[in-house]
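See below for the structure under consideration.
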Amino acid sequence: MAPLLVLGLALCLSGTWAVDKGNFKTCEQSAFCKRQRALKPGESPYRALLETMELTNTRLTLQLINDNNKVRLLLELYRLQGNITRVKINELKPLKPRYEVPDVLIREPTTEPLSVLSQDENGVVLSLGVESQRVIISARPFRLDIMEGSDVLMSLNSRGLLAFEHLRMRKDTQADPEAEKKEEADPANQAETTKEEEEKVEDGMWEETFKSHTDSKPNGPSAVSLDFSLPGVEHVYGIPEHADTLRLKTTDNGDPYRLYNLDVFQYELYNPMALYGSVPVMVAHSAQRTTGIFWLNAAETWVDISSNTAGKTVFGKMLDYVQGSSETPQTDVRWISESGIIDIFIMLGPTPKDVFSQYASLTGTQSFPPLASLGYHQCRWNYNDQEDVKSVDAGFDEHDIPYDFIWLDIEHTDGKRYFTWDPHKFATPKEMLQGLMDKKRKMVAIVDPHIKVDGNYKIHNEIRSRGFYVKNKDGGDYEGWCWPGSASYPDFTRADMRAWWASMFAYDQYEGTMENLYTWNDMNEPSVFNGPEVTMHKDATHGAWEHRDIHNLYGLYVQMATAEGLIQRSGGVERPFVLTRAFFAGSQRLGAVWTGDNAAEWGHLKISIPMCLSMGLVGISFCGADIGGFFKSPSTELLVRWYQAGAYQPFYRAHAHVDTPRREPWLFGPENTALIREAVRQRYTLLPYWYQLFYRAHVTGEPVMRPLWVEYPQDLATFALEDEYLIGRDLLVHPVVEEGARGVTAYLPGKDEVWFDVHTFQKHNGAQNLYIPVTMSSIPVFQRGGSIIPRKLRVRRSSTCMEHDPYTLYVALNLQRTADGELYIDDGHTFNYEKKEFIYRKLTFANKVLSSVNLAPDAKFTTDSWIERIIVLGASKPSKVTLKTADGQEKQLEFDFDASMSVLTVRKPGMNAGADWTMTFQ
Amino acid sequence: WLLFLLLLLLSVGVSAVEVQRPRGVPLSKRQFYEEGKPFTCLDGSRTIPFDRVNDDYCDCQDGSDEPGTAACPNGSFHCTNAGFRPTFIPSSRINDGICDCCDTTDEYNSGATCQNTCRELGRKERESLQKMAEIAKEGFLLKQQLIHEANRGLEDKKAKLGDVQGSKKDLEAKVEALRTVKEAAEQPEREAKERHLKAWEESARMAEVFLELDDDADGFVSVPELLSHSELDPDADGSFTEAEAQGLLGGVDKVDTAAFESIWSNVKEKYMSESNADTPAPEETSREEINEPVSDNESDQYPDDDIPEDEDDDDEEDEDDDRDEHEYKIPPTARTEEKKDDDEGAMPPYDQETQNLIDGKNAFKTELFNFGFGICFRNLEKEISFDFGPSSEFAYLYSQCYELTTSEYIYRLCPFNRVTQKPKFGGSETNLGSWGKWAGPEDSIYSVMKYEHGTGCWQGPSRSTTVKLTCGKETVVTSTSEPSRCEYLMEFTCPAICQEPPNLEISSHEHQEL
């Protein structure tokens, strides 16, 4: 939830509704970005000093020198396991250490041997070990090319935009030893460089003012920048969070994409402005190859993208092609960060899934959420009191709509003091939680990282007395303005602070809580209402480091400490559920993310798809948008469409601003209640599929919700699709996101594939644009021929109530009349799956035999669930269906065959879901 | 219907006999489930062997083959609930581990340990129904009285209105006469007021100009100081000489404030304020300031906009202190208005003459009021025009007010007038809506009152209140809440809404489900 603060005036006068861009910096207003962006390509001052090269088995080091100022850099190059190359560049002898991002990599990556293939005075050729991959280091100017065979996969500093602002003494206070050194080294250049430096000083190197805020910059300029060329690439993705298209745009004519976690009030769509979270990972894709760049830097970062084909029409491209004169398409990318070092991981694919697993090997995979958190969440700022919670809970039962979590926003606390309850409105929280538990439902309460400065508040006193607060530039506790009024911000970068924070979630510390209460971290960018760009001053300090260095990491640490608290309170048994608004690379390990304070507008419904797809590509699968839109009040049609679309997105939560009218699902007449009920029920029938996909994501790092090109990497028609997507591999969703829609056109991929409408079972061929007429009840979803999807059709009032229910298997046959799928079952909420307590089975249909085979023979788990029905789509009529169970028993099964739709329904086979069995269709 | 239910419950013990039938089937449908005979889905869609009834697999589209299991998504389960009220629950609640039927029959295979609470519930409900029936009975009696009184009152008022109308001509003549007198009295008052105001403004401007002219702030306006204002050149020939300036100052080199007053007429017409004359562009205005003059310090917006929330929202007693400490900016419009008020307050009192005239006018006003014609007439007409219910049973609420005090506020409902909220510990009253209309559902339109167009909400709609009426002997506000921001809900009991207790005989033939 964001500050409630529209400039009422602007609203009244203009009637427009948008972000106040003036609150946030453009590149031009951000001194380092302006400085760096002003550099011209092709004038790189950097030269590799080949004579300094040292190669151990797995590590190459080499010095680079800036010929303009003679400052030397140290380049380190590693070959990492799984086809990843790491390049680190730091100052050889920095005045003081520069920040290197901790706690994001899950471990020190495993290195592999490197060897020199050849070397002369112009450069070095190294072997990367596999697939004839080589790295060529050119000396003058410095440049690094990664080759496979004769193809260049990626080039670094190919445009000569490497820039590394070395730390220096402030000239007006002290003599600059660097300058003196320069003088000795290169008197000819002296006049010029001095002049250059002086010019730079004017550019806000030592102080920068934005609006009324001055950034003191005691360390002076410290930016780093590097360019990458991607030959053959026309499509790049990732670097969330932006409210923009899935395929990233070129930035030549505007601002670069910005990565700087900010609480943006009423964000604007199709815009490179920074939002709440940052993952500095870009994925590049072409029909030949998928690669990725992970720029490990937590400071404010800007990313420029340009392309030599951008702006060319299809006709122009065709002309090039016919004339044979075309240059290879190429995308050039440039990263600029305010401080820290250059530390990049080049993930070389070659497939999309390889890139996902490469990235997962560095930063980990999606946390495995409790099953219930994949159900529906009912939130509002605010449910007013216990009575309110009770009546909303009862409303769901009365209208027979399932839900798993009800949420409490900031008003539940005692005066915005987190870890407390309002003594009047929530006087007996345990009673309330017990009431929910009796219905097998759960609750989430908000805990934000800003702590009310109040001498009577235990949390504040403890943090202050332990010295755990972030400090301002003068060394006192940093104070800013947030929901509680004056607030301070715990220094979550400290491990001891995080451990203390985690301990506050213990049931005896956080009074009134029970095991069905989970947590929501909002405002953790951090949001500071009266800070520069509504966040913390960059010259605030976290121990030895400035906030400038760690900014984008703060939110991750908040969620990390909170998730740890939920784990610890259960003695390490229960999986946590923590929702966060701010995030960074690695946040996927900690819980769920939502797209922040969106609005009740059709455009915001539409953009929820590319926003979550972008996050999925860089590891964060558990993503969703506020159903209905946070600000403003949705039309009934928009609300219904949003419930329908949200039912098929990973995190499914309705939320609303405090100033909007109530919008619980039953407030819009019986017809709309029925439409919403049906959408939520569809979600619940598919929970087994969602759950197993999250298990897969947890194991492999593959996104749950994915763009079509991930599964059809050679199909150019899919590269820019963002109005439809896949859930896993097997469900294609094209939600209705247009007002008054009469139909949608879905692209069904796969030349030799077929797709089945999951509602009508109608079969459609792949590789076509299919027009689907829609009514208000339509949610166009298709199951891929060749897949088997388990569902639970007995939808109950919460997912936990459905735990022991039987499965129905949907077997969709492809043209070869085969299909396969998986079934994953565990207890749904503990870490016991790590102790192999689960069922994981492979379901296969081939040669008219459907079978269930154990994929994890060493795992143990028993379930009461059984198989109640098998529905075969695209089937022919058998004469008999025989089930053979593990004990050798055979029995004939009854079935129904619908010849018009070629749907075969096998009645009540009845075997346990965890057992081996085969079913023969003769 | 309450009484009907009561009867139903009372008779349960006598007539309920457990009859063999498949689990979850109500007695009324028993005949469709005949042991051993093929079962036809109740929608007639297909026929299945009887052993497929309640075999935990859904065969019928309408769910009718699985009344006792959770197999059908659209099925329903019948709980007999002996001792209490029989009911249907969705079949998805069978064996979900949650006790729904008080007779525990829905959880026969889930491991949930449910207690049979039907008798207890039945007893409680009977008690509460009995109580409600008594209330309804007494309330209804009260209502009859109210109707009687209302009718009498209405007749009185109508008669009074008639009287008033009868002597209308006389009254109008008298009023006309009064009006003439009043206008005669008011005319000098208005003029005096205007004079006073003008004089006040004039001297304010004079002071301002004096201060502006007095560059060296020595308390005198001198010739050199005057010379910098070339617009004051009396012959406007482009050269403003010292002699000319001296002339303006009445022939002296400098004047103090008192002397300035006497030469003011020489200066005031031509004088151009320095602040208007030369407005230099502010130095170093940053780009965004130029672009957005509205908000020069955006970071302060957050607290700004938070104010109204604090003001009309409930909890934070300590917010006020916080605000002072941290310089909440008051939204521009609000501040301007306040300032205006202050300025007016700063104006010195009227001179005696003006005051006399004002007093004179007030005397006339009072006379008019005492005469009571206008108000009386209008009120009577208004009161008679209200919809006080089919038998005017709500008329007694008119011109009454009912209060409810919560932990923070005093809520006040004045039926047919308005609803207000006042902080318990000081602060101004907020209008939560003025009488709008009866807004109950079609069959009981008088069960809900709607009060609308209250004080506007920051950025939102104006406040409104829905008042739900329930039958009670007392007339009292029982609860208030704010389900959505600025939309209030009030529970209100009164006898006027009580319905006539149903005739005891009506319900007996509806016995089915026992």
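Order of the sequence lines sets the chain letters (A, B, ...), proteins ahead of strands, with each chain counted from 1.
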- request: For residues B:S484 and A:R380, report the shortest heavy-atom separation together with the two atoms involved.
  value: OG-NH2, 4.1 Å

message: Measuring only between side-chain heavy atoms, which start at C-beta, is B:S110 closer than 4.5 Å to A:H804?
response: no

task: Name the region of B:A112, side chain, backbone, both or neither, that has any atom closer than 4.5 Å to a heavy atom of chain A.
output: neither

message: Please rank A:E387, A:R681, A:R663, A:M802 by heavy-atom pairs under 4.5 Å with chain B and give me the top one.
response: A:R681

task: With a 4.5 angstrom heavy-atom cut-off, could you sort out which part of B:D100 is near chain A: side chain, backbone, both or neither?
output: side chain

task: Mark yes when over 12 heavy atoms from residues, nucleotides or ligands other than A:H399 sit less than 6.0 Å from its NE2; otherwise mark no.
output: yes

Nearest heavy atoms of A:K440 and B:G97, plus distance in Å: NZ-CA, 3.8 Å

query: Going from CD on B:E487 to CZ on A:R662, what distance comes out if it is rounded to the nearest 0.5 angstrom?
result: 9.5 Å

- request: Measure the shortest side-chain to side-chain distance between A:E894 and B:R52 over non-hydrogen atoms and say whether it is less than 4.5 angstrom.
  value: yes

message: Could you measure the distance from the SG atom of A:C801 to the CG atom of B:N95? Nearest 0.5 Å is fine.
response: 11.5 Å

statement: When the 4.5 angstrom heavy-atom criterion is applied to A:T800 and chain B, the contacting part is neither

- prompt: So what's closer than 4.5 Å to chain A heavy atoms on B:P90: side chain, backbone, both or neither?
  reply: side chain

- prompt: Would the number of heavy atoms belonging to other residues, nucleotides or ligands and lying under 6.0 Å from NZ of B:K422 be above 12?
  reply: no

message: Looking at every non-hydrogen atom in both residues, tell me the closest pair between B:A70 and A:R794 and how far apart they are.
response: O-CD, 3.4 Å

- request: Start with the C-alpha distance between A:D400 and B:S92, add both sets of side-chain angles, then the distance that settles side-chain contact (heavy atoms from CB on, under 4.5 Å), and finish with yes or no.
  value: CA-CA 9 Å; A:D400 199 17; B:S92 66; 4.2 Å; yes

query: Between B:Y57 and A:R869, which heavy-atom pair has the shortest distance, and what is it?
result: OH-NE, 3.2 Å

Interatomic spacing from OG1 in A:T660 to CZ in B:R485 - rounded to 0.5 Å: 10.0 Å

message: Tell me if the CD atom of B:Q61 is crowded by more than 12 foreign heavy atoms within 6.0 Å.
response: no

- request: Tell me, for B:D59 versus chain A, whether the close heavy atoms (under 4.5 Å) come from the side chain, the backbone, both or neither.
  value: side chain

query: Can you check salt bridge (charged side-chain N to carboxylate O under 4.0 Å, His left out) on B:D55 and A:R907, steps first, answer last?
result: CA-CA 12 Å; B:D55 71 337; A:R907 185 186 192 282; 2.8 Å; yes

Shortest non-hydrogen contact from A:R796 toward B:D96: NH1-CB, 3.6 Å

- request: Below 4.5 Å from any heavy atom of chain B, which atoms of A:R797 appear? Answer side chain, backbone, both or neither.
  value: side chain

query: Which of the residues A:V795, A:D388, A:D397, A:D438 is involved in the greatest number of heavy-atom pairs with chain B at under 4.5 angstrom?
result: A:D397

message: Please classify the contact between A:T905 and chain B as side chain, backbone, both or neither, with a heavy-atom cut-off of under 4.5 Å.
response: side chain

